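Below is one structure, written out as structure tokens; the observations come after it.
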Amino acid sequence: MTRFLPVSVLVLLAVGLAPSPAPAQATAEAALIQKARAIHDRVIALDTHNDIEPANFTRQKNYTQRLDTQVNIPKMKEGGLDASFFIVYVGQGPLTPEGYDSAYKQAVAKFDAVHHLTKEIAPEQIELALTAADVTRIAKSGKKVALIGIENAYSLGTDIKRVKEFYDRGGRYMSLAHNGHSQFADSNTGERDGKWLHNGLSEMGKQVIAEMNKWGIMVDLSHPSKAANLQALALSKAPVIASHSAARALADVSRNMDDEQLEALKKNGGVIQTVAFASYVKVAKPDSPERAAAIAALRQEFGLPAPGGGGAGGGGGGGGGGGGRGGLNALSPEQRAKYDARMAEIDKKTPGDPRATVADFVNHIDYLVKKIGIDHVGISSDFDGGGGVTGWNGADETFNVTLELVRRGYTEEQIGKMWSGNLLRVMAEVEKVAKKIQGA
């Protein structure tokens with residue numbers, strides 16, 4: 001697989017060479033980068049959470065083009081990102097027949113978009129993987145690997161048979177809730193609101209866990225509440241994943257996993273895919289009143305929801321309240337350019353707390369590895385859904401993560417496990433459990 005050194009790395013090198021380091025330092029840094037590049041070329045770099053919009057999967061506009069999305073095939077090639085879980089995401093709506101019908105239609109459109117890309121638009125460049133073995137096979141062929149994850153089981157409605165339908169459509173992991181309680185599980189947002197619907201999983205939610213085990217869909221713990229997650233871990237007959245979460249010990253937000261959940265995940269044999277979402281990686285210091293007022297006025301002008309707070313997330317950084325669905329990603333390219341220009345002016349006048357970096361992100365990986373072991377830690381971005389940190393803000397900058405891991409002393413075997421090995425192990429075990437249940 002041919003890969004290119006990301007522009008960001010070249011920039012970092014240029015900055016690092018001013019003032020010029022001693023020759024020995026420059027030689028050591030060049031050797032480190034060369035070592036990291038060789039490792040990155042050999043491992044399968046798999047990101048478990050990249051959001052999509054069907055509008056970017058048409059003949060006229062699609063991922064064969066270098067779109068302004070954080071993920072597309074050209075950017076995957078530039079950064080050496082080999083595999084991506086494209087996400088069938090549906091926001092939480094009313095628990096009514098009409099709400100379920102709308103959510104189902106949205107989900108089907110996203111399933112169809114991925115199939116359209118892999119089967120009709122660019123089958124020579126990217127292929128859909130349905131098994132863990134498929135991922136390895138496709139990556140070795142030189143193609144990029146597409147997988148499908150389902151974020152929020154709300155789109156199932158009340159028809160449990162749709163679990164099998166979504167499996168047949170290619171879904172290989174699913175979370176039972178997003179932001180807001182679903183018919184299956186409480187959401188992490190209950191902590192903020194102080195309101196719960198099921199005190200964990202509903203009876204239907206427990207049935208869905210069993211169906212997912214039966215058909216081979218990984219249970220995803222990102223977004224549901226702690227109670228729902230602990231119940232899911234106790235019920236699941238197969239290892240589970242957290243497709244895009246970080247360590248709550250380092251960033252105290254409800255979307256991250258605390259130590260109790262991490263220990264239960266380890267006991268289950270699962271894996272947490274550490275997420276590079278700026279405001280989940282680093283809880284920013286509050287903005288000054290002047291900065292907060294300027295950002296609020298700017299967002300109101302562009303019809304955006306109020307910022308989530310904090311210098312790293314509330315402004316133009318792309319993480320936290322500013323970058324999620326319905327936020328900056330909802331703007332047109334022209335609007336986004338205008339917004340960013342105005343945000344740059346605010347940054348100059350009233351600087352905020354610096355946005356989380358790749359180094360901050362790898363701090364979470366370090367913590368998780370020490371807490372639950374290298375075999376239970378993976379990597380994800382939540383790109384095009386609000387994710388990104390300075391240094392890894394798109395698929396084109398993926399190499400920077402490997403570079404930082406090498407800088408921290410991780411071996412090639414360990415890096416391979418975190419980039420894909422651990423996730424593929426869980427995926428393969430889920431497949432085995434499904435065959436056993438079906439055979440019984």
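From a predicted model like this one, the values you see are computed outputs, not experimental measurements.
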Notebook entry, point to check: Can you check whether Gly149's main-chain N or O pairs, donor with acceptor, with Arg172's side chain at less than 3.5 Å?
Noted result: no

Next item on the list: Mind listing the closest non-hydrogen atom pair of Leu201 and Ala185 along with its distance?
Entry: CD2-CB, 3.8 Å

Next item on the list: I would like to know whether Val406 and Leu32 meet side chain to side chain contact (heavy atoms under 4.5 Å, CB included); could you show each step before the answer?
Entry: CA-CA 8 Å; Val406 172; Leu32 184 74; 3.6 Å; yes

Notebook entry, point to check: So, Trp419 versus Thr402: side-chain donor-acceptor pair below 3.5 Å or not?
Noted result: yes

Notebook entry, point to check: Using a distance-only test with no angle check, is there a side-chain donor-acceptor pair under 3.5 angstrom linking Ser243 and Asp220?
Noted result: yes

Next item on the list: Please report the C-alpha distance between Gln125 and Lys143 in whole Å, then the side-chain angles of each, then the deciding distance to 0.1 Å, and finally whether the side chain to side chain contact (heavy atoms under 4.5 Å, CB included) criterion is met.
Entry: CA-CA 5 Å; Gln125 296 186 58; Lys143 294 182 183 179; over 6 Å; no

Notebook entry, point to check: Quick one: does His364's side chain have a donor or acceptor within less than 3.5 Å of a partner on Val281's backbone?
Noted result: yes

Notebook entry, point to check: Is there side-chain contact between Lys110 and Phe86, with at least one heavy-atom pair below 4.5 Å?
Noted result: no

Next item on the list: Please check if the side chain of Glu127 supplies one atom and the backbone of Asp134 the other of a donor-acceptor pair under 3.5 Å.
Entry: no

Checklist line | Non-hydrogen side-chain atoms of Phe166 and Tyr104 separated by less than 4.5 Å | finding: yes

Next item on the list: Give the C-alpha distance, both sets of side-chain angles, the deciding distance and a yes or no for side chain to side chain contact (heavy atoms under 4.5 Å, CB included) between Asn62 and Asn56.
Entry: CA-CA 5 Å; Asn62 59 67; Asn56 293 323; over 6 Å; no

Check: Considering the options His178, His223, His244, which one meets the ring pair (Phe, Tyr, Trp, His ring centres under 6.0 Å) requirement together with Tyr89?
Finding: His178

Next item on the list: Could you tell me whether the side chain of Asn256 and the main chain of Tyr280 form a donor-acceptor pair under 3.5 Å?
Entry: yes

Item checked: Set of residues satisfying salt bridge (charged side-chain N to carboxylate O under 4.0 Å, His left out) with respect to Glu260, sequence neighbours excluded -> Lys226

Check: Can you name the nearest heavy-atom pair linking Ala264 to Leu233, along with the distance?
Finding: CB-CD1, 3.6 Å

Note to self: Nearest 0.5 angstrom please: Ile241 CD1 to Thr48 OG1, how far?
What the structure shows: 6.0 Å

Margin query: Within the 3.5 Å criterion, strictly below it, is a donor on Asn50 or Ser84 matched to an acceptor on the partner's side chain?
Written below: yes

Notebook entry, point to check: Charged N to carboxylate O under 4.0 angstrom, Arg342 versus Glu301?
Noted result: yes

Checklist line | Atom pair CG (Asp366) and NZ (Lys371), whose distance is rounded to the nearest 0.5 Å | finding: 14.0 Å

Item checked: Note: Glu404-Arg408 ion pair, threshold 4.0 Å (strictly below) -> yes

Next item on the list: Drop me the distance from Ile346's CD1 to Leu298's CG, to the nearest 0.5 angstrom.
Entry: 4.5 Å

Check: Does any non-hydrogen side-chain atom of Thr136 lie less than 4.5 Å from one of Lys140?
Finding: yes

Note to self: Students often mix this up, so state it plainly: with edges at 30° and 60°, are the rings of His49 and Tyr173 parallel, tilted or perpendicular?
What the structure shows: parallel

Next item on the list: Answer yes or no: is there a donor N or O on one side and an acceptor on the other, between the side chain of Glu397 and the main chain of Asn393, under 3.5 Å?
Entry: yes

Notebook entry, point to check: Is the CD atom of Gln300 crowded by more than 12 outside heavy atoms at less than 6.0 Å?
Noted result: no

Margin query: Side chains of Thr69 and Phe383, heavy atoms from C-beta outward: is any pair under 4.5 Å?
Written below: no

Margin query: Tell me the closest heavy-atom pair linking Gly205 and Leu176, and the distance in Å.
Written below: O-CD1, 3.9 Å

Check: Are the aromatic ring centres of His40 and Phe399 under 6.0 angstrom apart?
Finding: yes

Next item on the list: Might you work through the salt bridge (charged side-chain N to carboxylate O under 4.0 Å, His left out) test for Glu413 and Arg42, ending with a clear yes or no?
Entry: CA-CA 10 Å; Glu413 180 184 8; Arg42 287 191 292 265; over 6 Å; no

Next item on the list: Spell out, as yes or no, whether a donor-acceptor pair under 3.5 Å connects the side chain of Gln183 to the backbone of Tyr154.
Entry: yes

Check: Of Ile138, Asn72, Thr118, Asp82, which is the lone residue that meets side-chain contact (heavy atoms from CB on, under 4.5 Å) with Lys144?
Finding: Asp82

Next item on the list: Measure the CG-OG distance between Leu221 and Ser175 for me, rounded to the nearest 0.5 Å.
Entry: 9.5 Å

Item checked: Pairwise side-chain contact, Met418 with Thr274, heavy-atom cut-off 4.5 Å (strictly under) -> no

Check: Quick one: CE on Met257 to CG on Leu368, what's the gap to the nearest 0.5 Å?
Finding: 9.5 Å

Item checked: Backbone of Leu230 reached by a side-chain donor or acceptor of Gln261 within 3.5 Å -> no

Check: Judged by atom type as modelled, is there a donor-acceptor pair below 3.5 Å linking the side chain of Gln231 to the main-chain atoms of Ala228?
Finding: no

Next item on the list: Using modelled atom types only, decide if a donor and an acceptor are shared between the side chain of Ser254 and the backbone of Thr189 within a distance under 3.5 Å.
Entry: no

Margin query: Which residues pass the salt bridge (charged side-chain N to carboxylate O under 4.0 Å, His left out) test with Asp68, not counting sequence neighbours?
Written below: none

Margin query: What I'd like to find out is whether the side chain of Phe85 reaches to under 4.5 Å of the side chain of Leu423, using heavy atoms alone.
Written below: yes

Notebook entry, point to check: So Lys282 and Asp353, salt bridge (charged side-chain N to carboxylate O under 4.0 Å, His left out) or not? Walk me through it.
Noted result: CA-CA 10 Å; Lys282 171 187 173 184; Asp353 192 19; 3.6 Å; yes

Next item on the list: Indicate whether the side chain of Ser225 and that of Asp186 have a donor and an acceptor atom separated by less than 3.5 Å.
Entry: no

Check: Charged N to carboxylate O under 4.0 angstrom, Asp375 versus Lys266?
Finding: no

Notebook entry, point to check: How about Asp259 and Tyr367: do any of their side-chain heavy atoms sit closer than 4.5 Å?
Noted result: yes

Check: Okay, side chain of Asp47, backbone of Ser381: is any donor-acceptor separation there less than 3.5 Å?
Finding: yes

Margin query: Working note: Phe57 + Ile52, criterion side chain to side chain contact (heavy atoms under 4.5 Å, CB included); need CA distance, chi angles, decisive distance, verdict.
Written below: CA-CA 9 Å; Phe57 288 74; Ile52 62 169; 3.6 Å; yes

Check: Without hydrogens or angle criteria, can the side chains of Ser245 and Ser222 be said to hold a donor-acceptor pair below 3.5 Å?
Finding: yes

Next item on the list: For the residue pair Gln92 and Asn179, establish whether any side-chain heavy-atom pair is separated by less than 4.5 Å.
Entry: no

Notebook entry, point to check: Does the salt bridge (charged side-chain N to carboxylate O under 4.0 Å, His left out) test come out yes or no for Lys61 and Glu53, once each step is laid out?
Noted result: CA-CA 11 Å; Lys61 182 182 180 183; Glu53 289 297 336; over 6 Å; no

Next item on the list: Count the heavy atoms belonging to other residues, nucleotides or ligands that lie under 6.0 Å from CD of Glu120, then report whether that count exceeds 12.
Entry: yes

Checklist line | Rounded distance (nearest 0.5 Å) linking atom OG1 of Thr64 with atom CG of Leu117 | finding: 8.0 Å

Item checked: Crowding at CD, Glu124 (>12 non-hydrogen neighbours, <6.0 Å) -> yes

Notebook entry, point to check: Is Asp360 paired with Arg355 through a side-chain N to carboxylate O contact shorter than 4.0 Å?
Noted result: no

Item checked: Arg66 and Asp396 ion-paired at < 4.0 Å -> yes

Margin query: Side chains of Gln106 and Ser102 only: does a donor on one sit below 3.5 Å from an acceptor on the other?
Written below: yes

